[in-house]
Amino acid sequence: MHIVVCVKQVPDWDIPPSSFKVDEGAKKVVPPPGVAPVTSQFDAIAAEAAMKIKDAGGDTKVTIMSMGPATARETIKQGLAMGGDEGVLISDDAFNDIDSTAAALVLATAIKKLGDVDLVLTGRQAVDWDTGVTGTLIAEMIGGPVVTFAKAVSVADGKVTVERVLPDATEKVEATLPAVVTVSNELGEPRYPKLPQIMAAGKKQVTTWTAADLGIDAAALAPKLTLEQLFVPVVDTKVEIIEGETPEEQAANLAKRMKEAKLI
Amino acid sequence: MEFQISEEHQLLRGAVRQMLSRHEHQKKAWREMTHRDHKFNYELWQEFADIGLLGALVPEEYGGNNSGLLALTLGFEDICTMGFSPSLMLVTCMDTACILKNGTEQHKREIIPSVIAGKTILVFAITEPDAGSNSFRMQTVARREGDRYVMNGQKIFITGVEVADYMLVVARTTTREQIDAKGLPKAFGLSLFLVDPKTKGITKTPIPTVATEGVYQWQLFFEDVEIPAENLVGVEDQGAMAMFNSLNPERILVGAICCGMAEQAINMAVSYAKERKVFRETPIGAYQGVQHPLAEAKIQLEAAKLMTYRAAWAFDQGMEPGVVGSYSNMAKLLASDVALKAVDASLETHGGIGFAEETGLAQLWNGARVLKTAPLNREMILNYVAEQELGLPRSY
């Protein structure tokens, strides 16, 4: 069993809102100074799903794959410290600022280059742009089924069994391998690596591939999505005190005011 | 010259922060438990063990991960930056380093794996009422009688005895009178012993103090305490060097604690200064009177971090203990100075709310202040640097 986990390095989301800045002219997020980027949380949970499969036994190899700048190696190393076996960093200036479709093309091409992949795990969405389509697009491109929003993933007899999160229920589905599964936060918190595993991760190999290694030319990466505008919305908060002599009167006045404001 | 923190160290920092963030909701209750009730935080101790911090200085053959003092230093710093406390890890790790360097194979096989697993806590007993900064004045004596030593004397300000499984006790195996009579060097005659605090003949009295988290300070009386001879750590009478060498990691880790405290205080101040408005809609952080003390503390903190990291790196490289000693002492002095400065600037930024217990800043002040004096006061460090680094004569 060969599992590939796709992980993305993103700006740290755990910063005060006042530290979040965008360059509206360039339509880019300005990385907060002095704050190191982190692994997208859903991708770390996808890595956790892979480690759970590995823990369950059997001959399982986990490859941690990331497309991004040279610093994305840190995100790969984190996956290796969690228990991954090998890393693949896909890094090339041609891949800067590409859209989800192009990112899926790059990742799918790398997965095909690995050759023997049974299962691809991704986060349900990256926590920077939240498009949530890359995993599905990878499945389309490698020609396998996709199961989204997984809260539990197990593998047996050439099939992957997934418990899917629905708005008010859980759905259990099976898919034949090779397949792609996107993992949701309901799977549980990712394990954090411990020092012995961190030291071991230092010895694990990370292979770097460029656009040329993957045989991808720039034309194939042309965006299918146009970003029209990027801005931080202004949130206007007003406080209104609802009067009333008794709690019942206060509640009635609150309901009346909410109806007036068309909130209910 | 390489200023980049390695990938492994980055991963460690991420892991420590990830682990602690899962306990963020317990932080307030833990602070009350440790600061107000002086109760030891066993849950957090086990987390430190599970993530591997207690095995950082231990080679793999004894069950450790051998990640080194720099890794431990970064871990300590982040623990304090996030507002938690490494507690007795400081002395336990320092004792661990000492046992690994000087102990018998039996000590290493029997005690160290249990320390790494979080099951055994070690503390250090050196200070005496008349032997503080000058350890050579200590009078506690361990006399060899057959297959055991018999210890008599007293110790004071010994941290965490109530939760310790072993104390690493420094005692005289040759008295000062014998040394003077034979013309032996003053460093001769000290020995290290692993002593179970529950051993018959040890009387323990807690000393109420502020700024000790989760544990008490103790006064100990030893009256004909019998210690098995195999509990001697290192060579009899030759304990001074073993002791001083293990004080280097202590200084470095104190530096890391101070850096973390300073970082925490600065972070709190910056966050508050961005939100707090006193005059119209301008946050107080826009005022240079508020900015400059914080900026100065930040600059000095960066310097303290670099010195602390260099000292830890030098220890990991196996450099001469004297060289590591200079680096460690200088780092400790600078870091403890900046911790106080940063907490003071943070209190000034917060104003009245800074003294409310809920912010934790007043407790942080106590913690930073005690580390100006302990484990070695800044005057003794300045003496050391003047003598060792500048070659100036000794006045005492």
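In B:Lys101, the NZ atom is not crowded: 12 or fewer heavy atoms of neighbouring residues, nucleotides or ligands sit closer than 6.0 Å. Around CD of B:Glu61, the count of heavy atoms belonging to other residues, nucleotides or ligands within 6.0 Å exceeds 12. Heavy atoms from other residues, nucleotides or ligands lying under 6.0 Å from NZ of B:Lys28 number 12 at most. The local environment of CG in A:Asp130 is crowded, with over 12 non-hydrogen atoms from other residues, nucleotides or ligands closer than 6.0 Å. A 6.0 Å sphere centred on CD of B:Glu302 holds more than 12 heavy atoms belonging to other residues, nucleotides or ligands.
Heavy-atom proximity under 4.5 angstrom to chain B picks out nothing from residues 88-96 of chain A. Interface residues of residues 66-83 of chain A toward chain B, defined by a heavy-atom distance below 4.5 Å and sorted by number: A:Arg73, A:Glu74, A:Lys77, A:Gln78, A:Ala81. Identified by a heavy-atom distance below 4.5 Å to chain B, contributing residues of residues 48-57 of chain A are lacking entirely. Taking 4.5 Å as the heavy-atom cut-off, the residues of residues 185-196 of chain A that approach chain B are A:Glu189, A:Pro190, A:Arg191, A:Tyr192, A:Pro193, A:Lys194, A:Leu195, A:Pro196, ordered by number.
Here the shortest heavy-atom pairing between B:Glu8 and A:Ile198 reads O-CG2, 3.4 Å.
Chosen from B:Glu275, B:Gln10, B:Arg22, the residue pairing most often with chain A at heavy-atom distances under 4.5 Å is B:Arg22.
For chain A, the nearby part of B:Glu7 is the side chain; its heavy atoms alone come within less than 4.5 Å.
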